[in-house]
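Taking it in order: structure first as structure tokens, then the write-up.
When a ligand or atom number is given, it counts from 1 through the structure's own listing order. Below, each value reflects all heavy atoms present in this structure, side chains not excepted, and no hydrogens, waters or symmetry copies.
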Amino acid sequence: MPKSLITSPPAALRLTIDGDALAANWRWLRERGGEAACGAAVKADGYGLGARGTVDRLAREGCRDFFVSSWAEAAVLGPMPEGAALSVLHGVREADMPAAVSGMARPVLNSAEQVARWKAAAGGVCDVMIDTGMNRLGLRPEEAGVLEGLAIETLMSHLACADEPDHPMNERQLARFRRVRASIPAKRYSLANSAGICLGDGYGFDLTRPGLALYGGVPVPDDADQRRGLQPVATIEAEVIQLRDVEPDESVGYGATWVAGLPNRVAILNVGYADGYLRGFSNVGSWRSGDAACPVIGRVSMDLVAVQVGREVREGDWLALDRDLPALARTSGLSQYELLTTLGHRYQRRWT
Ligand SMILES: *Cc1c(COP(=O)(O)O)cnc(C)c1O
């Protein structure tokens, strides 16, 4: 048989994305945003879960405003559903101009240079980012004079500390953004990301831009309301590709960092740091076989991890990773954002 006719065997690693949970999270965030319309950040390929699937699912719920970071991401994503718009957060470099003037998305202009570039090309309707204290992207409020003559759809700013509700930066940035709104004309104003939405009504303005919480992240894990309202979206499962018995005093994995006390049944799973199951889970992570916890033993390898299992587990069984992102973040020392965006490309992906 010619090689091209042999179908690729299924991966021993799968990622299931729960479209209903994604939609429920979006509706919860929309409600929390009060009067504001609710958009969706789908940069980094929808935080690792798939930008295209996310856009299509949320557009069906009524989401009309999507955000990617670059024109390369906009191009890969392809056309927006009817009535939906895409904004490119990093603005326009000279090299982006052909893509930008094609109208596939709106640039979010971040600097006087980008504004001049857009005006010189008679670029049309755009978004603008004003920096209200984060000192990342955006024009300083004092530079707003250069915006004269632009047709601004959404004027936005971004919060630096919204996941710390009591941080004084939040009110400082809110006050600055209110002054910006009073002095720079635009069709709509937008300040809040996921955590910003949870700060309360005053932060919603006309449009919110959640990312993390759509995908099952919880901005403030101690907040019972967020815990109740936001559901996990991603389920990760890995297949047992070998079982072994490890005798007392034998070690498991690179560096021999785990040594058996009693005899142990060990399952080797087809997942590793190349799949975003990073080394921070070594000796502290945990998987599930049904209801039974299967602790990670030894170091996580590139494509493999060893877990302790009971006698009922068989080669070919599938073990699942805990779906609770805040718990995974606490265990591994990674952020919830990192856990999602490092997932990698080796999963068999499925939307339900
Ligand atoms: C990434 C991003 C968001 C979404 O932030 P989350 O914390 O994931 O909700 C919103 N606005 C801007 C400008 C961003 O860069």
Does Arg311 form a salt bridge (Lys or Arg N to Asp or Glu O under 4.0 Å) with Asp245? I'd like the steps, not just the answer.
CA-CA 10 Å; Arg311 291 275 149 194; Asp245 291 306; 3.2 Å; yes
Which pairs of donor and acceptor atoms, one on a side chain in residues 246-262, lie under 3.5 Å apart (sequence neighbours left out)?
{"from": "Glu250", "atom 1": "OE1", "to": "Glu247", "atom 2": "N", "distance (Å)": "3.0"}
{"from": "Thr257", "atom 1": "OG1", "to": "Asn283", "atom 2": "ND2", "distance (Å)": "3.1"}

Quick test of your reading of the model: are Arg176 and Asp131 salt-bridged, counting only N-O distances below 4.0 Å?
no
Looking at Asp225 and Arg32, does any basic side-chain N land under 4.0 Å from a carboxylate oxygen?
yes
Return all side-chain donor-acceptor pairs below 3.5 angstrom for residues 71-84, not counting sequence neighbours, or 'none' if the list is empty.
{"from": "Trp71", "atom 1": "NE1", "to": "Gly91", "atom 2": "O", "distance (Å)": "2.9"}
{"from": "Glu73", "atom 1": "OE1", "to": "Ser69", "atom 2": "N", "distance (Å)": "2.9"}
{"from": "Glu73", "atom 1": "OE1", "to": "Ser69", "atom 2": "OG", "distance (Å)": "3.0"}
{"from": "Glu73", "atom 1": "OE2", "to": "Ala44", "atom 2": "N", "distance (Å)": "2.9"}
{"from": "Glu73", "atom 1": "OE2", "to": "Ser69", "atom 2": "OG", "distance (Å)": "3.3"}

Can you tell me which residues line ligand 1 if we count any heavy atom under 4.0 angstrom from one of its atoms, in chain and number order?
Ala41, Lys43, Tyr47, Leu89, Met129, Arg136, His158, Asn193, Ser194, Arg209, Pro210, Gly211, Leu212, Tyr337
Among residues two or more places apart or on two chains, list those pairs meeting side-chain hydrogen bond (donor to acceptor under 3.5 Å, both in side chains) that have a residue in residues 51-62.
Asp20-Arg57, Arg27-Glu61, Arg52-Asp56, Arg57-Glu61
